[in-house]
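Presented below is the structure to which this report refers.
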Amino acid sequence: DTEVTQTPKHLVMGMTNKKSLKCEQHMGHRAMYWYKQKAKKPPELMFVYSYEKLSINESVPSRFSPECPNSSLLNLHLHALQPEDSALYLCASSQESVSYEQYFGPGTRLTVT
Amino acid sequence: GNSVTQMEGPVTLSEEAFLTINCTYTATGYPSLFWYVQYPGEGLQLLLKATKADDKGSNKGFEATYRKETTSFHLEKGSVQVSDSAVYFCALNTNSGYSTLTFGKGTMLLVSP
């Protein structure tokens, strides 16, 4: 089973709202990732968790706050977003953070109004 | 640094035509190479991979061979179907440190009946 699940599938939020995106995998993977993808572009890496510890933060604004409660779950907390943050947010996981292929979830389509 | 270059799209083909999408890379060390496919409104799916020179990855009729001498990983399929219409991303991951996926810009494939 190579499934990564994400909820919700779609999210519309105002600029003053607080919301969270959720990601789950049950493959025993020890690395998890958040990506942001704009239309007609490749995914851009935001965060990497390795063994439940944040190992890479690609200079992401503080209005995005990741959390890894355990090895299967990854959250992305959103607060005071801007309209330009509207995008597809993808979660991925891999066996380790080095060299292994990543498996992606279906994504959350976020619209900030 | 690492980089991946893909041919510009869209690539427009008729059903049952032969497909080639070119991909070349620049990397330090010995990268693993991947093709991902993204269908409209979905996340990325791992299509195939190769981890060392002369490896051939294959899946669902698609093939790609890791050519170290030409630093290439071209995607091919002998007979495309309408259902193959999607965006295809070539990517690499180097086998050291907290390495992450480097993506090409993506190539859109449109197959008409």
Side-chain angles (χ1 to χ4, degrees), chain A residues 1-7 9-10 21 23-25 27 29-51 53-60 87-111, chain B residues 1-10 21 23 25 27-52 55 57 59 64 66 73 86-110:
Chain A
D1 182 11
T2 56
E3 188 177 21
V4 177
T5 58
Q6 290 186 244
T7 56
K9 190 170 177 60
H10 300 278
L21 309 185
C23 174
E24 190 167 7
Q25 57 88 14
M27 295 177 278
H29 288 174
R30 304 316 301 264
M32 297 185 76
Y33 311 77
W34 280 115
Y35 288 86
K36 174 182 178 180
Q37 187 181 27
K38 302 285 270 186
K40 300 187 188 299
K41 298 288 187 183
E44 297 173 21
L45 183 66
M46 300 174 73
F47 303 103
V48 180
Y49 273 83
S50 179
Y51 288 87
K53 287 185 169 36
L54 183 64
S55 59
I56 295 178
N57 176 341
E58 293 285 0
S59 304
V60 179
L88 181 68
Y89 288 84
L90 294 164
C91 175
S93 70
S94 66
Q95 191 170 343
E96 301 279 348
S97 63
V98 176
S99 84
Y100 292 92
E101 61 269 25
Q102 295 180 22
Y103 294 92
F104 285 79
T108 294
R109 175 71 61 188
L110 174 67
T111 303
Chain B
N2 299 332
S3 68
V4 175
T5 302
Q6 289 181 240
M7 59 191 292
E8 294 280 336
I21 299 178
C23 171
Y25 66 89
T28 53
Y30 302 94
S32 296
L33 301 173
F34 309 94
W35 277 101
Y36 284 87
V37 59
Q38 186 172 33
Y39 298 101
E42 298 186 11
L44 275 69
Q45 296 179 25
L46 178 64
L47 182 59
L48 54 83
K49 67 177 182 180
T51 57
K52 61 183 187 297
D55 269 1
N59 186 23
Y66 189 142
F73 193 54
V87 178
Y88 292 81
F89 291 98
C90 185
L92 68 82
N93 192 348
T94 54
N95 306 328
S96 61
Y98 283 112
S99 64
T100 56
L101 282 175
T102 300
F103 287 96
K105 291 185 176 181
T107 302
M108 178 177 286
L109 170 65
L110 299 171

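Labels below follow one simple rule: chain letters A, B, ... track the order of the sequence lines, proteins then strands, and each chain is numbered from 1. From a predicted model like this one, the values you see are computed outputs, not experimental measurements.
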### For chain B, the option from Pro106(A), Cys91(A), Gly107(A) that forms the most heavy-atom pairs under 4.5 Å
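Looking at each option in turn, the highest pair count goes to Pro106(A).
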### Message
Need one label for Gln45(B): side chain, backbone, both or neither, based on atoms under 4.5 Å from any heavy atom in chain A.
### Response
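Neither part.
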### Proximity breakdown for Leu46(B) and chain A, heavy-atom pairs closer than 4.5 Å
side chain
Tell me the closest heavy-atom pair linking [X] and [Y], and the distance in Å.
| X | Y | value |
| --- | --- | --- |
| Leu90(A) | Gly43(B) | CD2-CA, 3.8 Å |
| Gly41(B) | Lys9(A) | O-NZ, 4.2 Å |
| Gly104(B) | Pro42(A) | O-CB, 3.4 Å |

### Task
Between chain A and each of Lys49(B), Glu42(B), Met108(B), count heavy-atom pairs under 4.5 Å; write down the option with the most.
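Among the listed options, the one with the most contacts to chain A is Lys49(B).
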### Task
Can you establish whether the number of heavy atoms outside Lys38(A) located under 6.0 Å from its atom NZ is more than 12?
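Correct, the count exceeds 12.
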### Query
Side chain, backbone, both or neither: which part of Gln37(A) has a non-hydrogen atom closer than 4.5 Å to chain B?
side chain
### Task
Report the residue from Tyr36(B), Phe89(B), Tyr39(B) that forms a ring-ring contact (aromatic ring centres under 6.0 Å, His included) with Phe104(A).
Tyr36(B)
### Task
With side chain to side chain contact (heavy atoms under 4.5 Å, CB included) as the test, would you mind laying out the steps for Leu101(B) and Tyr35(A) before giving the verdict?
CA-CA 11 Å; Leu101(B) 282 175; Tyr35(A) 288 86; 4.0 Å; yes
### Message
To the nearest 0.5 Å, what is the distance between CG on Asn93(B) and CD on Glu101(A)?
### Response
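Between Asn93(B) CG and Glu101(A) CD, I get 9.5 Å after rounding to 0.5 Å.
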